[in-house]
Undergrad: 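Quick one: the structure is below, questions incoming.
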Amino acid sequence: MGHQMFEYNAELADEVFDYCRDRLSMDPVPLDFGSLHAIAPGSLDGFIRPEGHDPDKILEFFKHSLAPAVVSIDSPGFLAFIPNAPTKSSLLFDMVVACSGLNGTSWLESSGVVLAENQALEYLADLAGMPVGSGGAFVSGGSLGNLSSLTVGRDVGLSKRPHLASHEVRFAISADAHSSIGKALHVLGIQPLEVETDDHRFTRESLEQALANDPRPDTIVGIVATSGTTNAGIVDDLEGLGSFAREHDLWFHVDGAYGGAALFSPTERHLLAGLRHADSFIVDPHKWLFAPLDCCALIYRDPTVARKVLAQQASYLDILHSEDDAHYEWNPSDFAIHLSRRARGLPFWYSLVTNGTTAYETAVQAAVDLAHRTEELINGMDHVEMVRPASLSVVLFRRKGWSADQYTAWSHQLLRDQIAFVTPTKWEGETIGRLAFLHPNTTEELVVRILDTMRD
Ligand SMILES: *Cc1c(COP(=O)(O)O)cnc(C)c1O
C-alpha cells in the first residue's frame with residue numbers, strides 16, 4: 001500500500017476527463033465574466049485544513065464558482081489585449097504532458113522531449129530565415145524570452161568593450177517596445193537609448209538620427225526591434241535595423257511575441273524578411289500560433305554564446321554537461337533564465353505536426369483578413385472611424401465623441417451581455433477602441449454587432 005495521495009481514483013479521473021471533454025467540445029466556449037462574476041470574499045475559507053475535502057465537491061465548486069470568474073481567453077469573442085486560441089489538438093496534448101508529468105529540463109533526462117521541441121524551434125527559425133544551427137528553448141513567455149535574450153546580448157556586447165562597466169552599456173529601443181523590454185533592462189541594471197520614431201515605427205533612419213545626437217553612441221551594444229507592436233501591430237524596419245546591427249557589430253533582438261506569427265501569413269510575411277539578421281528572436285505560440293499558455297519560442301542565431309552566458313553551473317548539474325555525444329546534446333535549461341521546466345513546447349509541436357503548416361497559414365491569415373474587412377466596415381460607418389490603418393491583426397478605431405469613461409462603461413456592458421471582451425487603449429494620449437483578432441472563428445457578424453453597440 002502506497003501513500004493515499006498517490007492512489008488512482010477512477011471515479012475522480014472520469015469526472016475530470018468528462019469536464020475536459022465537455023469543455024473541449026464546446027463551440028464556442030462561453031465568454032464568462034472575469035471580475036464581473038462576484039465571488040464572496042471568504043468563500044474559500046476552510047478549504048485548506050488538516051483533513052482533505054471530497055474532490056468531487058471541490059471540482060463542482062471550481063466549475064460553478066471559480067471558472068465563470070475567468071474570461072475565456074480562447075473565446076472567439078475575446079478581442080482584448082492579445083487573445084490565446086489553442087487548437088483542440090494542442091489542448092489535448094497539454095493533457096498528455098500534464099498526465100505524464102513530462103519534464104523537459106535536460107538531454108540526459110528528456111531527450112525525447114528535446115528532439116520534438118527542437119524540431120518546432122528549427123521550423124520557426126527556418127521560416128524566420130535564421131541559419132541552420134539556430135536554436136534555443138521554449139520558455140514561459142515573451143517577458144522571459146526578452147530578458148534572456150537581452151542578458152546574452154549585454155554580455156556579448158560587454159565582452160567586445162572591456163573598457164565599459166556593465167551598467168554603462170545600453171540597448172537602442174523605441175518608445176513602442178513592449179513593457180517587458182523596459183523591465184528586462186531594469187533587471188539588468190542598464191539604460192535604454194529610447195529612439196523617437198515617426199508614426200511609431202522604429203526605422204534605421206530614426207536610429208541613425210538618435211545616435212548622431214547621442215553623447216555616448218559607443219555604449220550601444222544592441223538594438224531591440226518589435227515585429228508587431230502589441231498595441232498597434234506595427235512591424236519595425238527589421239531590414240534596416242538588422243543590417244545596421246550587422247554593419248556595426250551590435251546584437252539584434254527581435255521581439256515577435258505577438259506578431260512573429262505573421263511568418264505564417266502569405267500576405268504579411270514579407271514584413272518580417274529582415275528577421276534573417278536577428279541574433280535572438282522570440283515568438284509566443286501561446287499568442288498567435290494557437291498553443292496553450294504558457295509558451296514562448298526563444299531562438300538564438302548562435303546558441304553556443306547563449307549557453308556560455310546562461311547555463312547554470314553546480315556540482316550536481318555537472319553530469320548534464322558531459323561532452324559525449326556533443327552533437328546532439330541539448331539542454332533547454334541552458335538557454336534561458338530557468339532550470340526545471342515542463343515540456344511546454346510539445347503541445348505546439350503536436351498541433352503543428354498533426355494540423356500541418358497549411359492549416360496554420362490559413363488560420364493566421366484569417367485574422368489578418370478580418371482586420372482588413374473590419375477596416376472597411378468602419379470606413380463605411382458614420383459613428384466610428386479608423387485611427388490608423390489596420391496592421392497585422394490589430395484595429396485601432398475611434399467612436400466619435402466618446403470620452404474615456406464611455407469606452408470603459410461600454411467595455412463592461414459588452415462583457416456583461418456576453419457579446420465580446422473588448423478593452424480600450426490609448427493612442428497618443430487619447431482613449432480609443434482596439435480590436436485584436438486572433439481566433440480564426442471570430443466572425444464579421446460579431447464585429448458588426450460590436451460596432452453597432454457603439455451607436456447612440
Ligand atoms: C505579449 C508580448 C510580450 C510579453 O509576452 P508574455 O508572453 O506575456 O510574457 C512581449 N512583447 C510583445 C511584443 C508582446 O506582444
Side-chain angles (χ1 to χ4, degrees), residues 71 73-74 78-86 90 121 124 128 136-151 153 171 173-188 192 194 197 200-202 222-238 241 252-263 265 268 271-272 274-275 278 280-299 336-338 341-342 344-345 347-348 364 367-368 371 391-396 423 425-426 434-438:
V71 184
I73 195 169
D74 54 339
F78 191 115
L79 306 175
F81 316 118
I82 301 289
N84 162 244
S90 71
L121 290 172
L124 294 173
F138 287 98
V139 299
S140 61
S143 302
L144 187 65
N146 284 333
L147 176 60
S148 301
S149 301
L150 297 187
T151 305
F171 280 88
I173 74 172
S174 101
D176 292 81
H178 189 263
S179 49
S180 59
I181 298 291
K183 191 58 71 179
L185 298 181
H186 176 70
V187 172
L188 291 172
E194 200 174 293
T197 59
H200 306 264
R201 185 167 180 263
F202 190 11
I223 302 168
V224 179
T226 310
S227 66
T229 58
T230 318
N231 202 20
I234 296 168
V235 180
D236 288 338
D237 172 21
L238 303 183
L241 295 169
F252 185 47
H253 175 63
V254 181
D255 175 0
Y258 148 62
L263 287 168
S265 158
E268 309 303 298
L271 298 170
L272 303 185
L275 258 178
S280 51
F281 165 57
I282 64 151
V283 55
D284 278 352
H286 74 216
K287 285 178 172 169
W288 204 4
L289 290 176
F290 315 114
L293 293 161
D294 44 9
C295 184
C296 166
L298 161 61
I299 300 170
I337 301 161
H338 62 186
R341 59 185 290 282
R342 70 197 292 269
R344 64 163 60 80
F348 170 60
V364 169
V368 173
S391 290
L392 298 184
S393 64
V394 180
V395 174
L396 298 183
T423 48
T425 187
K426 279 216 169 79
R434 174 177 176 275
L435 299 168
F437 296 115
L438 193 150

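Predicted, not measured: the structure shown is a model, and the values here were computed from it. Each ligand, and each atom within it, is numbered from 1 in the order the structure gives.
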Undergrad: Note the single closest protein heavy atom to atom 6 (P) of ligand 1, along with its residue, its atom name and the distance in Å.
TA: G142 N, 3.2 Å
Undergrad: What pair of heavy atoms forms the shortest contact from S391 to A232, and how long is it?
TA: CB-O, 3.3 Å
Undergrad: With heavy-atom distances below 4.5 Å as the criterion, would you say the side chains of L79 and F437 are in contact?
TA: yes
Undergrad: Nearest protein heavy atom to atom 11 (N) of ligand 1, by residue and atom, and its distance?
TA: D255 OD2, 2.6 Å
Undergrad: Does the side chain of D176 come within less than 4.5 Å of I234's, by heavy atoms?
TA: no
Undergrad: Starting from atom 4 (C) of ligand 1, what is the nearest protein heavy atom, named by residue and atom, and what distance separates them?
TA: H178 CE1, 3.4 Å
Undergrad: Taking the side chain as C-beta and beyond, is there a heavy-atom pair between T226 and H178 under 4.5 Å?
TA: no
Undergrad: Is there a side-chain contact between F78 and L438 (heavy atoms, below 4.5 Å)?
TA: no
Undergrad: At a non-hydrogen distance cut-off of under 4.0 Å, which region of I282 contacts ligand 1 (side chain, backbone, both, or neither)?
TA: neither
Undergrad: I need the atoms of ligand 1 closer than 4.0 Å to a non-hydrogen atom of D284, numbered in the order shown.
TA: 5 (O), 6 (P), 7 (O)
Undergrad: Check ligand 1 against S143 and write out every atom of the ligand that is under 4.0 Å from a heavy-atom position of the residue.
TA: 4 (C), 5 (O), 6 (P), 9 (O)
Undergrad: Looking at atom 13 (C) of ligand 1, what's its closest protein heavy atom, distance included?
TA: T230 OG1, 3.2 Å
Undergrad: Do H200 and T229 come within less than 4.5 Å of each other through their side chains, counting heavy atoms only?
TA: no
Undergrad: Just jot down the ligand 1 atoms closer than 4.0 angstrom to any heavy atom of G141, in number order.
TA: 7 (O), 9 (O)
Undergrad: With a 4.5 Å cut-off on side-chain heavy atoms, are L263 and V283 touching?
TA: no
Undergrad: Have a look at ligand 1 and work out which part of S180, if any, has a heavy atom under 4.0 Å from it: side chain, backbone, both or neither.
TA: side chain
Undergrad: Within a distance under 4.0 Å of any heavy atom of H286, pick out the atoms of ligand 1 and give their elements.
TA: 7 (O)
Undergrad: From T197 OG1 over to F202 CZ, what is the distance, rounded to the nearest 0.5 angstrom?
TA: 8.5 Å
Undergrad: Can you measure from CD1 (I282) to OG (S143) and round to the nearest 0.5 angstrom?
TA: 7.5 Å
Undergrad: Could you list which atoms of ligand 1 come closer than 4.0 Å to a heavy atom of Y258?
TA: 15 (O)
Undergrad: Mind checking whether A257 has an N or O less than 3.5 Å away from an N or O of ligand 1?
TA: no
Undergrad: Tell me the protein heavy atom at minimum distance from atom 2 (C) of ligand 1, and give that distance in Å.
TA: K287 NZ, 2.3 Å
